[in-house]
Amino acid sequence: MTEVDVVIVGAGFGGLYALHKMRQCGFTAHVYEAGDDVGGTWYWNRYPGCRCDIESIHYSYQFDNDLQQEWVWTERYATQPEILKYIQHVAERFDLRKDITFNARVKAATWQENDARWLVETEAGEKVRAKFCIMATGPLSVPNMPKFKGLENFTGETFHTGLWPQEGLDFTGKRVGVIGTGSSAIQSIPLIAQQASHLTVFQRTANYTIPAANRPLKPGELEAVKAQYPKLRALGKNYPTTIPVDPSGPSALAVSDEDRERVYEEWWKDKGLMFQAAFADLLFVDEANDTVSDFIRNKIHSIVEDPSIAATLAPKNPFGCKRMCVDTDYYKTFNRSNVTLVDVSDAPIDRIVPSGVLVGDTTHDVDAIIFATGYDAMTGAMAKMHIRGRDGLVLRDKWCKAPSSYLGIAVNGFPNLFTINGPGSPSALVNMVTGIEHHVDWISDCLKHLRETGSSTIEAEKPAEDIWVEHSREVGNASLRSACDSWYLGANVPGKPRVFMPYLGGFPAYAEKCATIVRNGYNGFSIS
Ligand code: N01
């Protein structure tokens with residue numbers, strides 16, 4: 001049986017950097033990946049319009065200055081194919097593929113107490129033993145497929161945005177139904193509407209979306225960023241989201257109505273996702289939040305010609321409690337004569353029938369259904385595997401009432417197991433690539449520390465984990481982000497415990513906490 005120092009699960013941004021870093025630190029490492037190539041999220045998500053809503057100059061690795069100097073981004077927001085090419089380039093540049101087994105989905109990981117090793121097994125029966133295991137399985141990687149009655153009798157085709165066919169799809173002349181109105185739907189709907197003969201959108205909860213203002217990068221723009229890249233990256237780490245954008249002021253309530261409106265108009269034009277930072281209190285104070293929610297509702301009414309469609313598209317939740325979306329021509333798409341919006345908030349989808357989707361007593365006939373229904377977020381991938389720690393404890397059982405973790409990096413009962421972007425880490429609330437690099441660097445420093453001190457195991461202690469969980473809960477409750485049902489809370493998956501999973505304290509506070517723990521001799525961890 002193969003034996004390595006570190007086994008890594010997943011070959012997306014997290015797994016690839018973990019592999020590179022482990023090698024650099026002199027550890028042997030091997031990656032197991034379910035897909036047939038690198039890329040993670042960007043390998044699986046190939047739906048039309050898929051791109052990152054963090055600007056391309058930020059959404060990339062910073063661990064190697066030559067890498068960030070040589071790569072050429074072409075647009076303000078990179079498309080999925082461009083990001084995938086970038087990840088493939090990284091794999092080639094650092095010769096990573098030779099230590100990755102593709103088409104290998106990990107089904108189990110078992111802690112072997114007698115010799116302090118993880119035994120990791122793939123679905124095909126391959127086994128590997130390792131001193132350490134890093135779960136780089138992604139917080140949004142397990143598609144959520146609601147169990148609609150009658151789906152098996154549907155005579156058309158079905159797709160999930162997160163499992164899009166590699167060869168792409170052509171909807172020309174077809175009647176298409178999209179279920180869901182989160183980021184994936186909001187990016188794909190305008191393009192599918194241009195191709196399909198008819199598009200029916202089934203909306204359960206209206207979402208806030210801001211114009212992306214995407215454009216090709218101007219001549220000299222990327223070069224100017226590259227000239228100061230290390231400085232820009234360092235600056236970003238002082239910001240809660242790691243994106244260096246300053247609010248126009250501390251409070252939306254401290255300025256006149258005219259000034260506030262002017263700020264929103266300016267930020268609406270080209271700030272994209274960072275629109276949420278227009279004033280520092282938008283996600284914390286109800287009245288401040290009302291001002292921005294009203295502004296966007298008014299925008300929707302000004303773009304969408306039919307007032308009743310505009311009213312359906314206008315969100316009722318507070319702004320930002322579901323993850324904000326960024327779009328190109330989303331609201332405008334509902335002015336097209338081949339697009340129908342079906343409100344399924346009060347009368348949910350009853351069932352799928354052979355010819356389409358039944359809502360109330362109306363059947364919406366479609367040739368294809370696209371499930372843009374999101375993910376079993378943050379815990380889904382790890383709960384799917386049979387991860388068995390100390391004394392037979394199974395991770396999914398430990399998490400069945402609430403996910404718990406120390407820093408979103410380590411879990412009590414699971415020695416030598418690390419999670420990248422696990423529950424309790426900032427994860428999707430920061431630039432994910434920056435968050436990943438921070439986790440991998442922390443883990444590699446930790447493994448070096450164990451090697452230098454002749455130690456063989458490290459495990460999060462229960463009291464430290466409990467304190468972190470409680471702290472994360474308090475920080476989460478202080479924000480309006482936890483004010484409505486969302487995947488942040490696990491509320492999109494029936495039966496999942498409702499706990500705000502990402503850490504909301506912001507990157508600087510989180511990174512400082514991680515560093516302090518190291519400075520204090522890894523307090524909260526037991527090392528033996
Ligand atoms: O998934 P979602 P997503 N009947 O969970 C609806 C990241 N991302 O794939 O809100 C009817 O947001 C559900 O309705 P409701 C980003 O972090 C990033 O779009 O639960 N509808 C909702 O409208 C994002 O937040 C980019 O009432 C049902 C939709 O399906 C995250 O991924 C691009 C339903 C799911 O929305 C997830 O986004 C894309 C049912 N039974 C995604 N069940 C970037 O640009 C669910 N829905 C970086």
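FYI, side chains are in, hydrogens and waters are out, and symmetry mates aren't considered; it's all heavy atoms of this structure.
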Do [X] and [Y] sit within salt-bridge range, that is, some charged N less than 4.0 Å from a carboxylate O?
X	Y	answer
E82	R51	no
R215	E221	yes
K271	E266	no
K384	D376	no

So, the side chain of [X] versus the backbone of [Y]: is there a donor-acceptor pair under 3.5 Å, distance only?
X	Y	result
Y503	P423	no
S427	G424	no
N338	A196	yes
E223	G220	yes
R129	M1	no
Q203	V342	no
R105	T122	no
D485	N492	no
S184	A372	no
R76	A212	yes

I'd like to check the side-chain hydrogen bond (donor to acceptor under 3.5 Å, both in side chains) partners of [X]; sequence neighbours left out, ordered by chain and number.
X	answer
W118	none
R46	none
R388	none

Counting C-beta onward and ignoring hydrogens, is there a side-chain heavy-atom pair between [X] and [Y] closer than 4.5 Å?
X	Y	value
F275	V292	yes
L96	V38	no
H160	I370	no
V357	I369	yes
S56	L217	yes
P502	M378	yes
Y406	V411	no

Check: Between V106, V31, T419, which is the residue that forms a side chain to side chain contact (heavy atoms under 4.5 Å, CB included) with V9?
Finding: V106
Partners meeting side-chain contact (heavy atoms from CB on, under 4.5 Å) with [X] (sequence neighbours left out):
X	result
K332	I303, D329, N335
Y239	L235, P244, D246
V128	T2, V4, V7, Y32, V120
A515	R519

Checklist line | Residues Q68, R233; criterion side-chain hydrogen bond (donor to acceptor under 3.5 Å, both in side chains); working and verdict | finding: CA-CA 11 Å; Q68 69 184 3; R233 302 289 204 178; 3.0 Å; yes
Could you check, using the six-membered ring where one of them is a Trp, whether [X] and [Y] have ring centers closer than 6.0 angstrom?
X	Y	value
H439	F418	no
W73	Y86	yes
Y43	F102	no
F94	F63	yes

Notebook entry, point to check: Among pairs that include at least one residue of residues 419-432, which meet salt bridge (Lys or Arg N to Asp or Glu O under 4.0 Å), considering only residues two or more places apart or in two chains?
Noted result: none
Next item on the list: Only pairs at least two apart or in different chains count here, so list each ring-ring contact (aromatic ring centres under 6.0 Å, His included) that has a residue in residues 199-226.
Entry: F202-H364, Y208-F319
Notebook entry, point to check: Excluding sequence neighbours, so at least two apart, what forms disulfide (SG to SG under 2.5 Å) with C484?
Noted result: C321
Let me have the donor-acceptor pairs involving side chains of residues 174-183, under 3.5 Å, with sequence neighbours excluded, atom names and distances please.
from, atom 1, to, atom 2, distance (Å)
R175, NE, D367, OD2, 3.2
R175, NH2, D367, OD1, 2.7
T181, OG1, T205, O, 3.0

Check: Under the ring-ring contact (aromatic ring centres under 6.0 Å, His included) test, which residues partner W164, sequence neighbours left out?
Finding: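 Result, ring-ring contact (aromatic ring centres under 6.0 Å, His included) vs W164: F159.
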Check: Is atom NZ of K85 surrounded by more than 12 heavy atoms (other residues, nucleotides or ligands) closer than 6.0 Å?
Finding: no
Next item on the list: Please report the C-alpha distance between D327 and Q187 in whole Å, then the side-chain angles of each, then the deciding distance to 0.1 Å, and finally whether the side-chain hydrogen bond (donor to acceptor under 3.5 Å, both in side chains) criterion is met.
Entry: CA-CA 6 Å; D327 72 281; Q187 287 187 329; over 6 Å; no
